[in-house]
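Below is one structure, written out as structure tokens; the observations come after it.
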Amino acid sequence: MTQEDVFKKLVAHCKEYGFVFPSSGIYDGLGAVYDYGQNGVELKNNIKRYWWEAMTMLNDNVVGIDAAIFMHPTTWKASGHVDAFNDPLIDNRDSKKRYRADVLIEDLMAKYEEKIEKEVDKAKKRFGESFDEKLFRETNPRILENAQKRNEIHSRFVKALNDNDLIELKQIIVDYEVVCPISGTKNWTDVRQFNLMFATEIGSTSDGATKIYLRPETAQGIFVNFLNVQKTGRMKIPFGIAQIGKAFRNEIVARQFIFRMREFEQMEMQFFVRPGEEMEWFKFWKNFRLKWHKAFGLGDHKYRFHDHDKLAHYANAATDIEFEMPFGFKEVEGIHSRTDFDLVQHEKYSGKNIKYFDPELNESYTPYVVETSIGVDRTFLSIMAASYEEQQLEGGDSRVVLHLPFELSPVKVAVFPLVKKDGLPQKAEEVVKLLKFDFKVVYDEKDSVGKRYRRQDAIGTPFCVTIDHQTLEDDTVTIRHRDTMQQERLKIGDLYAIVNEAVSMKNLLGKIVI
Ligand code: GAP
């Protein structure tokens, strides 16, 4: 099965099992907008809880806020979003499809990288143990040719982005004969800039309504509250402000399911530091954030840092944490050293003093900021993609299982009476009551136990507990483990401790702070 097939199956699975639905599906959906279903919302809430606790509980100098989505329109002038929050777009005249020129070029570079990896894989199989990968990469003519092409494109691309040169972006697409995946032609328009913010109006038109924007990032809500939090919380630099909330971008190319959405959720933290200390903190947060991701146990090799080719004019360092999605390594989180740009801009546009008085240095200054910015939806997708497995079982049977980290599973325990009679449902309800105040528990008495196991495997439930006739005699139950499918018999009184130990958020948090 190709990665593309796996991805299609994952999208279908998300819909079938109540994780993610297309928004307003009865009206055929709305492009790049999605709703989370009964299982999706639980998984999403668990991801957010893990992030919130990691940021605000493990770091005693980080506090949270929840700012409004609507902000004074000058916010976006000051932040630069009105003038410069643009994507370069290009249309194919035959298919009438619109693309991001930078994404077309990134995909083109990825194709050369794929060709290189295919050569290496083939050679690995051919030469076996004696294979010297480093030497092969340095000497194989096909690899060298593809690497040279990729590097040529890369350096032209970086220069074009840095120079804001839209003509050169188009020229790369023309020179490398990029074709539209729909029409198969190279009939491209020129590249143009397109602002990604959604605008709306506040106030009634008779009063003279004001144009405002749906926030394209949560970060500005933090910047404008910097002094409120610093003063009321008596915070001393260095300190951070964390926030989880919706953001909106009118993405030109809506692709790859919940990877690129028009309405999505961010978990952002701005860490305010003394000027000159930002690189040290940039390093600290890179390390902390990577550990946060790796704690899921999805495979360390699936993560990598990718330094930005083009630094925003206000940034002095920026890197992405990328995850290996079914469609390649893609950005899940950005870590940016944003200098004092945002606070200085807000000071300038508001006319208010936003400086910090540092009692240790006995001087006032505008703090520098290191930002960590992660998408909830992309994290959700990365976890689902890495957890999904179609397993062939002994005896010709098969199952779909989600190997979700237990701490994130939507349902922690499913309780089944073996049959719907003989007092077993009542006993099962007692077990549910014992657990439901601490864990998300479901009760299921329909169909065979085998079918009930499959339903829980498909949503990643770590434990299924079955109540049978023996339970009535000695208060024991069978507990069945999701990944191994092994069953053991234990006392009802031991259930709580076993589940609690396996699903506690402490397990993930403990892996970050060793
Ligand atoms: N405040 C900085 C900022 O917003 P960004 O790199 O534009 O930086 C941060 O976005 C994160 O937000 C990304 O790494 C990604 O996970 C998520 N994100 C951005 N645009 C998105 C979209 N259209 N759909 C889903 N997630 C998105």
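Just so you know, these numbers use all the heavy atoms, side chains as well, and skip hydrogens, waters and symmetry mates. Note that ligands are numbered from 1 as they come in the structure, with each ligand's atoms numbered from 1 the same way. If you read the sequence from its start, that first residue is 1, and numbering goes on from there.
Between Glu322, Glu331, Gln220, it is Glu331 that holds the heavy atom closest to atom 13 (C) of ligand 1. Closest to atom 5 (P) of ligand 1 by heavy atom, among Arg249, Arg378, Lys330, is Arg249.
Taking CD1 of Ile172 as the start and NE2 of His154 as the end, the distance is 10.5 Å to the nearest 0.5 Å. The distance from atom CD1 of Ile244 to atom NZ of Lys48, rounded to the nearest 0.5 Å, is 6.5 Å. For the atom pair CD (Gln256) and CZ (Arg378), the distance works out to 9.0 Å, reported to the nearest 0.5 Å.
Residue Met261 places at least one N or O, backbone or side chain, under 3.5 Å from an N or O of ligand 1. Backbone and side-chain nitrogen or oxygen atoms of Ile258 are examined, and none is located within less than 3.5 angstrom of a nitrogen or oxygen of ligand 1. No N or O atom of Ala219 sits closer than 3.5 Å to an N or O atom of ligand 1. By the 3.5 Å distance cut-off applied to N or O atoms, Arg260 is not counted among the residues near ligand 1.
Residue contacts with ligand 1: Asp377 is excluded, as none of its non-hydrogen atoms falls under 4.0 Å. At least one heavy atom of His336 sits less than 4.0 Å from an atom of ligand 1. Contact between Met269 and ligand 1 is absent, with no heavy atom of the residue lying under 4.0 Å from the ligand.
Results of the side chain to side chain contact (heavy atoms under 4.5 Å, CB included) test with Thr461 over Leu402, Asn39, Val411 single out Val411 as the only residue that passes. When the options Arg215, His346, His81 are evaluated for a side chain to side chain donor-acceptor pair (under 3.5 Å) with Gln220, the one that passes is His346.
Classification of the Trp281-Phe271 ring pair by plane angle, with boundaries at 30° and 60°, yields tilted. Ring geometry, Phe272 versus Phe226: the interplanar angle falls from 30° to 60°, so the pair is classed tilted. Note: His293 and Phe296 have perpendicular aromatic rings, judged against thresholds of 30 and 60 degrees for the angle between ring planes.
Contacts with ligand 1 closer than 4.0 Å are made by no heavy atom of Asp320, backbone or side chain. With a heavy-atom cut-off of 4.0 Å, Arg338 touches ligand 1 through its side chain alone. Looking at Glu371 against ligand 1, only its side chain comes within 4.0 Å, counting heavy atoms.
Of the protein's non-hydrogen atoms, Phe264 CE1, 3.5 Å is the one closest to atom 18 (N) of ligand 1. Protein heavy atom in closest approach to atom 17 (C) of ligand 1: Gly375 CA, 3.7 Å.
Near Phe259, meaning under 4.0 Å from any of its heavy atoms, are these atoms of ligand 1: 24 (N), 25 (C), 26 (N). Ligand 1 places these atoms under 4.0 Å from at least one heavy atom of Glu333: 14 (O). Atoms of ligand 1 lying under 4.0 Å from at least one heavy atom of Glu268, given by number and element, are 1 (N), 2 (C), 3 (C), 4 (O). Under a 4.0 Å criterion applied to the non-hydrogen atoms of Glu251, ligand 1 contributes the atoms 22 (C), 23 (N). Every atom of ligand 1 is numbered from 1 in the order shown, and the set under 4.0 Å from a heavy atom of Glu217 is 1 (N), 2 (C), 3 (C), 4 (O).
Taking the six-membered ring where the residue is Trp, the centroids of His306 and Phe329 are separated by 6.0 Å or more. Aromatic ring centroids of Tyr356 and Tyr365 lie under 6.0 Å apart.
Under a cut-off of 6.0 angstrom, the local environment of CZ in Phe305 is crowded, with over 12 non-hydrogen atoms contributed by other residues, nucleotides or ligands.
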